[in-house]
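Just below is one structure, and these are the notes that go with it.
These figures come from a predicted structure and were not determined experimentally. Counting begins at 1 with the first residue of the sequence.
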Amino acid sequence: MPYFRDGVHRYMTPDDFRGLRDAGLEIGSHTLNHASLPGLLRVNFGALQSELVNSRAFLEAELGQPVDLFA
């Protein structure tokens, strides 16, 4: 899943997301891999859909609630 350290970035963990939710913040989905959405729109619409749909599904499964925002 998208939560790991790659030597440069530190991606959020499910515990991070739950902590923000429990602190009263509303969580919105983004993408799974910080892909260039305009680029994917031009060359691979299925990959674009996967980035968006799977990001939201992951968060909803981890948070146990709907995710209605996109950042």
Do [X] side-chain atoms and [Y] backbone N/O form a donor-acceptor pair below 3.5 Å?
X     : Y     : result
Glu51 : Asn33 : yes
Ser55 : Leu32 : no
Asp16 : Thr13 : yes

Next item on the list: Go through the steps for Leu37 and Leu52 under the test side chain to side chain contact (heavy atoms under 4.5 Å, CB included), then give the verdict.
Entry: CA-CA 9 Å; Leu37 298 181; Leu52 300 176; 3.9 Å; yes

hydrophobic_cluster_shared for [Y] and [X], side chain cutoff 4.5 Å:
X     : Y     : value
Phe45 : Val43 : no
Phe70 : Val67 : no
Phe58 : Ile27 : yes
Leu25 : Leu63 : yes

Note to self: For Glu26, is the CD atom crowded, meaning more than 12 foreign heavy atoms sit under 6.0 Å from it?
What the structure shows: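 Not buried by this count: 12 neighbours or fewer within 6.0 Å.
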
Next item on the list: Hey, could you give me the NE2/CE distance between His30 and Met12, rounded to the nearest 0.5 Å?
Entry: 12.0 Å

Note to self: Quick one, Gln65 and Leu59 - any side-chain contact, counting heavy atoms below 4.5 Å?
What the structure shows: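 Counting from C-beta outward, Gln65 and Leu59 never come under 4.5 Å.
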
Note to self: With heavy-atom distances below 4.5 Å as the criterion, would you say the side chains of Phe17 and Glu62 are in contact?
What the structure shows: no

